[in-house]
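This report concerns only the one structure given below.
This structure is a prediction, so every number in the text was calculated from the model and none was measured. So that the names make sense, note that chain A is the first sequence line, chain B the second, and so on, each numbered from 1.
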Amino acid sequence: MSLSFANSIAVQSRARALVPLCVGACTYLFFFFTGDTLLQDSDSFWQIKIGQWILDHGAMPYTDFYSFTRQGDAWISTSWLSQVLFAFSYAQWGWAGPVIITAIGVALTAAILVHLLETQVEAPRAVLFAMLALVLSLHHVLARPHILALPVMVAWVGLLMAAADRRSAPSWTWLPLMALWANLHGGFVLGLALIGPISLEAVEHAEKGQRLRLFMRWVLFGAGALLASCCTPYGWRTLMGATNILSLGELLSLIFEWMPANFATFTSFEGALLGLIALGYYRGLVLSAPRIFLILFLTWSALTHVRSIDAFAFLVPLVLAKPLGEMLPRSLAEAAGADRWPARTVTGFGALMIVAAGWTSTALFMAHHPFTFTMTQTPVAAVDLLEQRKVQRIFNAYQFGGYLISRNIPVYVDGRAELYGEKFVMDFFKATEGKKPELLPRLLDDYKIDATLLVADAPGPQILDQLKGWKRIYADDIAVIHVRDGASAAAAPAKP
Amino acid sequence: MTIAASLPIAHRQRNLAPLCAAAATYLLLLVSGDGLLHDPDTLWQIKVGQWILDHRAVPWTDVYSLTRQGDVWLSTSWLSQVLFAATYSHWGWAGPVILAATAIAAAMGLLLALLQRHLTLPYALVFCLLAMTLATPHLLARPHVLALPVMVGWAGALMAAADRGRAPSFLLLPLMVLWANLHGGFVLGLALIGAIGLESLWRAAPARRLALTLKWVAFGLAALVASCCTPYCLDTLLGALRILSLGTSFAVIAEWRPADFSSFSPFAGALLALLGLALSRGLSLSPPRVLLILIATWMALAHIRSIETFGILVPLVLAQPLGTGIRPTASDAPRALWMVPPAPAALVIVMAVASATAAFVAHHAFAFSATQTPVAAVDVLSERRGARIFNSYGFGGYLIVRDIKPFVDGRSELYGEKFLMDYFAAEDGRDVAGLLRMLDDNRIDATLLTADSPAAQILDHIRGWKRLYADAIAVIHVRDEQQAATPPK
């Protein structure tokens with residue numbers, strides 16, 4: 001009796017491996033079929049461009065060579081591996097390549113999350129948490145490096161939490177994960193920062209005599225992770241590059257993904273926040289202090305920066321899993337009907353089927369659906385005109401920078417805010433968003449601008465219409481071009 | 001026996017704490033009284049109050065603005081305005097300061113007294129301080145502050161009824177009448193009846209639920225009727241609801257903006273603390289209470305001005321469940337034996353506060369914050385009589401006081417959503433063409449804009465306008481006939 005019971009649990013646990021796989025496959029197919037929505041951030045352009053450069057030259061960029069305002073300044077690419085992956089897949093399959101890679105990244109994240117949660121809570125709840133996390137991060141799923149780093153983040157925090165739950169230190173064999181993260185995306189700093197509070201969680205639950213030893217092991221692991229994060233072509237400069245981005249100050253409030261969460265309308269994040277409060281007050285959860293700190297830290301990051309909502313969505317379930325699992329006793333009834341011998345075969349066979357089905361539907365869909373970058377925000381016609389006129393120095397809108405780089409036109413500014421620095425980009429925004437219109441003519445003269453390429457419905461073009469010495473030569477729904485008006489500029493000094 | 005004897009004394013000793021807290025709050029606000037006087041809305045509120053006092057009637061249409069002259073406008077807080085105007089005419093700016101400080105102090109004392117029914121003094125004080133800190137940015141000499149003690153009393157009385165699983169007494173209804181005359185926020189009080197009524201039903205035995213439901217419904221209807229006991233009768237409700245229907249323009253008016261987390265604020269701290277409390281104490285609240293907390297949180301996230309409601313409502317909701325864990329103990333009873341009887345002590349406190357007020361007011365002249373008031377600029381403008389002026393939103397109140405008709409002022413419900421959205425787009429420099437159209441359509445002669453306003457900088461570059469005056473506060477542009485006459489090249 002007890003033997004068969006033990007067996008059925010083993011069978012169940014083997015069959016359970018299929019659940020994450022199914023979730024992963026569904027996620028992959030969903031994001032693959034809606035792939036065009038992943039291609040709407042102009043940052044994707046320069047990410048691929050840099051990846052191609054790295055592939056072509058077999059070397060890393062140390063200085064900037066895409067802008068005319070910061071040409072030759074120090075700049076390192078903190079997500080070179082992602083860029084190479086994007087560029088490689090783009091070269092092979094066109095835009096379908098980045099879409100597939102992004103979809104795989106999200107799918108892996110969901111699958112790993114479900115797998116990690118399943119050890120603590122029942123499968124349906126684990127899937128529910130994964131779905132919630134996906135809904136929360138939906139607006140930030142774009143063909144860009146942070147998505148490739150997402151599965152690494154979930155796996156890293158998952159294994160740290162698992163070690164804390166076991167009251168031991170994480171295994172050193174996981175350090176390559178940190179090295180991978182550091183090469184994929186600058187967000188690995190979060191992974192380093194989380195070692196601290198999670199180690200406290202492990203130490204708090206350890207037995208009295210063990211505490212110091214355990215803590216020292218965690219400290220060693222942290223040092224090891226720090227070293228691992230420097231295993232990139234840039235060495236220790238990786239850390240500097242990643243922290244540079246965090247020092248942008250006021251500017252972060254203007255770039256959409258760094259903005260604080262906005263509650264003017266009801267968002268899924270607001271729902272999640274209220275849901276978390278309700279869960280706490282309704283279920284009578286009691287968490288340990290380090291876990292509460294982790295949750296508050298993640299909530300605070302998500303409140304201050306929209307882009308941290310991803311981390312909130314995927315990591316809060318991991319922190320909550322164990323206390324929730326202890327509160328909701330798992331029913332073992334589902335295991336009763338499981339057959340014993342075919343389980344392993346069924347699992348293997350099922351996995352094979354799922355992968356095969358995923359691959360064939362990918363191939364079929366790719367064959368008749370050409371993925372295209374969402375061009376409603378891309379100034380193609382305007383840039384064609386600028387190329388015809390052989391204009392050299394273009395004052396471009398922030399979001400057009402990526403596209404200009406892909407057309408081999410030097411830019412005034414683009415998405416690499418850490419390259420340009422806080423003051424430069426703030427001045428740019430103040431001048432073009434109408435906050436300080438008087439700055440605009442000064443910037444145009446200081447940088448000897450020949451033409452401007454600005455967003456159609458922004459205040460910048462309207463101000464230029466009123467400025468002497470500039471005339472509008474082109475406008476469509478996306479962009480407006482102004483060039484220097486030789487005649488009136490010459491006549492202007494004659495006026496008092 | 002000794003314990004039984006000491007308990008009533010301990011109880012009476014506790015009753016002194018709210019009065020002390022109120023006195024401390026009052027004195028603090030009085031000393032920092034100029035902080036209450038920096039909202040331009042205060043200016044037109046007093047002006048409207050004076051109008052009501054002079055005419056012995058409440059206004060039904062707008063008489064102050066350039067653009068909405070004669071349109072329907074109800075003053076949903078006429079009683080507060082009258083109180084402010086009366087105190088202002090008697091004591092100058094000290095009057096509104098004392099009035100506002102008294103109201104806030106009363107609210108704090110009342111909140112402390114209500115919380116003390118379930119919590120020990122230190123915990124109740126912590127919640128009170130938190131509520132005060134959260135409300136601080138919004139503590140201004142304006143009608144909503146006078147409605148604050150009414151809100152605390154109303155919410156507290158309803159929660160007390162719900163804690164006991166009963167329906168609230170009909171004796172509460174005059175409170176609603178007072179609230180409806182003081183401020184348009186009374187709609188919240190009506191809404192709370194429903195939410196708190198649910199909690200009461202949740203606690204009641206199933207057999208009693210039907211009877212209790214009927215009682216709460218009757219109370220709700222009576223409160224609705226009570227809220228119409230104003231000079232405007234039924235229109236009060238409509239007036240208050242008009243403010244809530246402003247939609248997207250909320251995002252641009254400071255106090256209606258959603259909560260901002262770009263830097264750490266007391267509200268962010270309170271929100272995280274609320275979450276931390278939920279996860280650490282193992283509290284298990286009834287669903288209606290959870291709902292109340294979520295509604296208060298949601299409102300505060302959506303509009304900064306609801307943060308004070310959050311600060312008051314959440315402690316009241318949490319007090320009873322928290323109190324079962326942190327029950328007032330009898331341990332401080334022996335100390336109570338040395339306490340003086342409350343009535344003389346209360347008298348002493350009131351006397352002390354009154355004399356302190358008299359002494360402070362005698363040598364301190366309260367003044368409306370002049371750093372945001374364009375006094376010199378308006379002097380220049382008033383020389384050009386009859387000019388039609390386009391003003392920054394914040395200058396509207398001051399223009400009304402100077403008997404100049406503003407283009408727009410703080411009465412957003414009068415101007416309506418579309419007008420305000422167009423106005424802010426033009427004033428923020430987001431819509432240059434719209435700005436010029438607005439100036440021409442309304443035959444504007446001069447603009448009075450804040451010194452850092454994008455519109456003012458844009459007008460520097462526009463043909464047909466010239467800068468007439470500028471200081472650190474305001475900039476004046478007027479039409480430049482000469483330049484406009486020469487055709488542009």
Side-chain angles (χ1 to χ4, degrees), chain A residues 250 252-253 258-266 270-271 273-289 291-293 295-297 299-300 302-305 320 323 430 433-441 457-459 461-463 465-468 487-488 491-492 495, chain B residues 248 250-251 256-264 268-269 271-287 289-291 293-295 297-298 300-303 317-318 321 425 428-436 452 454-463 486 488-489:
Chain A
E250 187 188 5
L252 294 182
S253 64
W258 286 101
M259 279 182 193
N262 184 343
F263 297 101
T265 52
F266 195 83
E270 187 172 4
L273 188 64
L274 294 179
L276 191 61
I277 294 177
L279 185 76
Y281 279 112
Y282 183 57
R283 302 310 301 244
L285 275 181
V286 185
L287 268 61
S288 62
R291 273 183 207 264
I292 292 179
F293 172 78
I295 288 185
L296 294 188
F297 170 74
T299 310
W300 172 241
L303 285 173
T304 44
H305 301 306
L320 280 179
K430 280 180 186 158
E433 297 293 312
K435 293 284 167 228
K436 254 186 166 181
E438 72 205 16
L439 263 176
L440 187 57
D457 52 357
Q462 299 184 22
I463 300 168
D465 285 344
Q466 307 289 342
L467 272 184
K468 289 189 195 84
S488 98
K495 271 191 174 181
Chain B
T248 47
F250 278 158
W256 286 101
R257 274 199 200 129
D260 176 31
F261 294 99
S262 55
S263 57
F264 196 82
L271 190 63
L272 293 181
L274 182 70
L275 189 55
L277 188 71
L279 297 174
S280 62
R281 306 291 308 222
L283 284 179
S284 198
L285 271 60
S286 64
R289 269 181 206 265
V290 175
L291 191 70
I293 290 181
L294 293 191
I295 291 173
T297 313
W298 172 71
L301 285 173
H303 303 305
V317 174
L318 281 180
D428 283 348
R430 278 175 280 132
D431 185 4
V432 182
L435 172 68
L436 298 180
D452 56 352
Q457 296 177 21
I458 291 170
L459 281 178
D460 286 342
H461 294 281
I462 305 276
R463 281 189 205 93
T486 55
K489 286 196 180 181

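Residues A:L296 and B:L272 share a closest heavy-atom pair of CD2-O, 3.3 Å. Counting all heavy atoms, side chain and backbone alike, B:L301 lies closest to A:F263 at O-CB, 3.3 Å. The two residues A:L303 and B:F261 have their closest heavy-atom pair at O-CB, 3.4 Å. B:L279 and A:G280 get closest at one heavy-atom pair: CD2-CA, 4.0 Å. Closest approach of A:I292 and B:S280 over heavy atoms only: CD1-CB, 3.3 Å. Closest heavy-atom contact between B:P258 and A:N262: CG-OD1, 3.4 Å.
Of the two parts of A:F266, only the side chain, counted from C-beta on, holds a non-hydrogen atom closer than 4.5 Å to a non-hydrogen atom of chain B. When heavy atoms are compared at a cutoff of 4.5 Å, A:L273 approaches chain B solely by way of its side chain, counted from C-beta outward. Only the backbone of A:A261 comes within contact range of chain B, judged by heavy atoms closer than 4.5 Å. In this structure, the portions of B:L294 lying under 4.5 Å from any heavy atom of chain A include both its backbone and its side chain. Of the two parts of B:L435, neither the backbone nor the side chain holds a non-hydrogen atom closer than 4.5 Å to a non-hydrogen atom of chain A. The parts of B:D431 that come within reach of chain A are both its backbone and its side chain, each placing non-hydrogen atoms under 4.5 angstrom from that chain.
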Going through the distances and angles, do A:D465 and B:V432 end up as a side chain to side chain contact (heavy atoms under 4.5 Å, CB included)?
CA-CA 10 Å; A:D465 285 344; B:V432 182; over 6 Å; no
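Put simply, CG on A:L440 and CD on B:Q457 are 11.5 Å apart, with the number rounded to the nearest 0.5 Å.
Chain B forms the most heavy-atom pairs under 4.5 Å with one residue out of A:T304, A:T265, A:L279, and that residue is A:T304. Counting heavy-atom pairs closer than 4.5 Å to chain A, the top-ranked of the candidates B:L274, B:I458, B:D460, B:T297 is B:L274.
A side chain to side chain contact (heavy atoms under 4.5 Å, CB included) with A:I277 is found for exactly one of B:L277, B:L271, B:V290, namely B:L271.
Residue pairs meeting the side chain to side chain donor-acceptor pair (under 3.5 Å) criterion with at least one member in residues 277-286 of chain A, sequence neighbours excluded, do not occur.
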